[in-house]
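Working notes for the structure below.
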Amino acid sequence: MDTKTLLEWSARYHTPNYGRTPICLVRGDGVRVWDSDGREYLDFAAGIAVVALGHCHPRVTGAIREVAATLLHVSNLYHTAPQIHLAKLLVEHSFADRVFFCNSGAEANEAALKLARKYGKERYASDRYEVIATRNSFHGRTLATVTATGQEKYQHGFEPLMPGFKHVPYNDLRAMERAIDGRTAAVLVEAIQGEGGVNVPDDDYLPGLRKLCDESGALLILDEVQTGVGRTGRLWAYEHAGVEPDVMTLAKALANGVPIGAMLCRADVASVLTPGTHASTFGGTPFVTSVALATLTTVISERIPEHAARMGRELMDGLRALAADGTGVRQVRGKGLLIGIDLDRAAGPVVEACREAGLLVLTAGDRVLRLTPPLIVQPDDCRRALDVLRAALRATAR
Ligand SMILES: *Cc1c(COP(=O)(O)O)cnc(C)c1O
């Protein structure tokens with residue numbers, strides 16, 4: 001099948017909700033992918049911060065082969081060993097005591113929001129159900145999570161939104177303090193805002209939120225769907241801040257590309273989710289949890305977060321040098337391998353120029369380029385990406 005026909009069929013048979021790049025990817029290996037014309041790309045998108053161990057990592061592929069020949073699916077009416085082992089591993093390596101598995105980031109946040117409402121009502125009062133989220137956040141595309149998402153462009157046309165949500169500016173403790181009241185069940189934030197522009201909060205922000213939540217009894221829900229599993233140079237981004245959330249949501253990188261979501265929380269909070277109160281048909285099947293177990297075990301045993309921190313420093317140093325070079329870069333920000341390059345112009349043409357030169361990168365909003373390479377990226381790959389970026393930024397400068 002030739003590429004032109006594939007792209008024509010795509011337009012004919014898909015709903016038009018994605019603005020796709022006109023290439024068709026057919027194969028991946030490590031930090032590289034190939035399209036249907038045989039062109040090779042250095043993949044500094046990794047899905048959208050999903051493929052942490054790179055494409056077709058042998059331990060991930062091995063786990064998929066083995067579980068596919070053993071047991072793909074049974075329901076949550078029964079126990080399965082991989083799900084139990086994964087929950088145990090997550091608990092042993094985080095603040096959490098309990099884990100609920102689902103299939104995506106939005107679903108993990110849905111679980112956290114339902115948990116917060118139930119906890120607020122049962123622990124405090126029937127009208128304690130409000131959630132305070134932040135502007136420019138991103139929490140998913142379901143009706144509740146798109147309501148929590150503080151960006152009108154994602155909500156437009158889907159009104160009426162869910163009741164019970166408020167938004168305050170990100171990285172603004174005073175605004176959060178003013179917004180919290182006797183109806184606040186939870187505060188929901190990303191450890192670093194990803195889609196909203198790779199916005200890194202001040203060092204005192206998460207500790208400040210922790211204190212506000214402790215004083216008011218509101219739950220602190222941390223959306224680590226993008227920042228989790230080593231992306232920021234620690235296994236969980238909250239480790240940078242020295243405080244722990246009450247609830248944390250995960251998805252993207254947790255099974256290196258196989259769909260999974262997880263909601264982690266303390267035992268006393270989890271206790272409101274009594275049998276029958278929440279569920280997911282596909283959540284935590286032997287298939288996905290085996291793959292996640294292989295992924296997370298590799299990330300931990302091979303000290304991938306530390307490697308990500310080193311590579312992140314190297315990339316950011318290179319990018320900052322590039323920023324001083326008349327390329328229209330206003331700011332380079334991020335942590336580990338979640339990096340935003342704030343431009344003086346639209347980021348789209350730069351993404352296109354990079355792709356034409358064999359480098360895949362993302363945007364985060366209109367004017368921010370986002371780099372989220374596989375965490376196994378090597379110094380050579382970073383140098384090659386910097387060369388392409390420099391040329392692309394120069395070619396598209398104002
Ligand atoms: C991607 C993302 C989500 C949504 O995840 P889906 O799997 O697309 O539902 C939620 N929160 C954050 C921070 C994300 O980056």
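All values derive from a computational prediction rather than experimental measurement. In each ligand, atom 1 is the first atom listed, and ligand 1 is the first ligand listed. Residue indices begin at 1 and follow the sequence shown.
Heavy-atom proximity to atom 3 (C) of ligand 1, evaluated over Thr227, Val225, Leu188, is greatest for Val225.
Considering CZ of Phe287 and CD1 of Ile64, their distance stands at 5.0 Å, rounded to 0.5 Å. Atom CG of Leu369 sits about 4.5 Å away from atom CG of Leu343, to the nearest 0.5 Å.
Using a 4.0 Å cut-off between a side-chain N of Lys or Arg and a carboxylate O of Asp or Glu, Asp344 and Arg398 qualify as a salt bridge. Salt-bridge formation is not detected for the pair Arg345/Asp366: no Lys NZ or Arg NE/NH1/NH2 atom is positioned less than 4.0 Å from an Asp or Glu carboxylate oxygen. Taking a cutoff of 4.0 Å between a charged side-chain nitrogen and a carboxylate oxygen, Asp317 and Arg313 do not qualify as a salt bridge. Electrostatic pairing of Asp268 and Arg123 does not count as a salt bridge here, judged by no charged N lying under 4.0 Å from a carboxylate O.
Under 4.0 Å from ligand 1, the heavy atoms of Lys252 that appear belong solely to its side chain. Contact annotation: for Thr145 versus ligand 1, there are no heavy atoms closer than 4.0 Å. In Glu190, the part holding a heavy atom less than 4.0 Å from any atom of ligand 1 is the side chain.
Residue Ser104 approaches ligand 1 through these ligand atoms, each under 4.0 Å from one of its heavy atoms: 7 (O), 9 (O). Within ligand 1, counting atoms from 1 as listed, the ones closer than 4.0 Å to a heavy atom of Asn109 are 10 (C), 11 (N).
Here the protein heavy atom with the shortest distance to atom 6 (P) of ligand 1 is Gly105 N, 3.5 Å. Looking at atom 11 (N) of ligand 1, its nearest protein heavy atom turns out to be Asp223 OD2, 2.8 Å. Closest to atom 9 (O) of ligand 1 among all protein heavy atoms lies Ala106 N, 2.8 Å.
For the pair Phe138 and ligand 1, the shortest N or O to N or O distance falls below 3.5 Å. Polar contact check, Gln226 against ligand 1: a nitrogen or oxygen pair lies under 3.5 Å apart.
In this model, a donor atom of one side chain and an acceptor atom of the other lie less than 3.5 Å apart for Gln226 and Arg370.
Residue Asn109 forms a side chain to side chain donor-acceptor pair (under 3.5 Å) with just one option from Thr142, Asp223, Thr149, and that option is Asp223.
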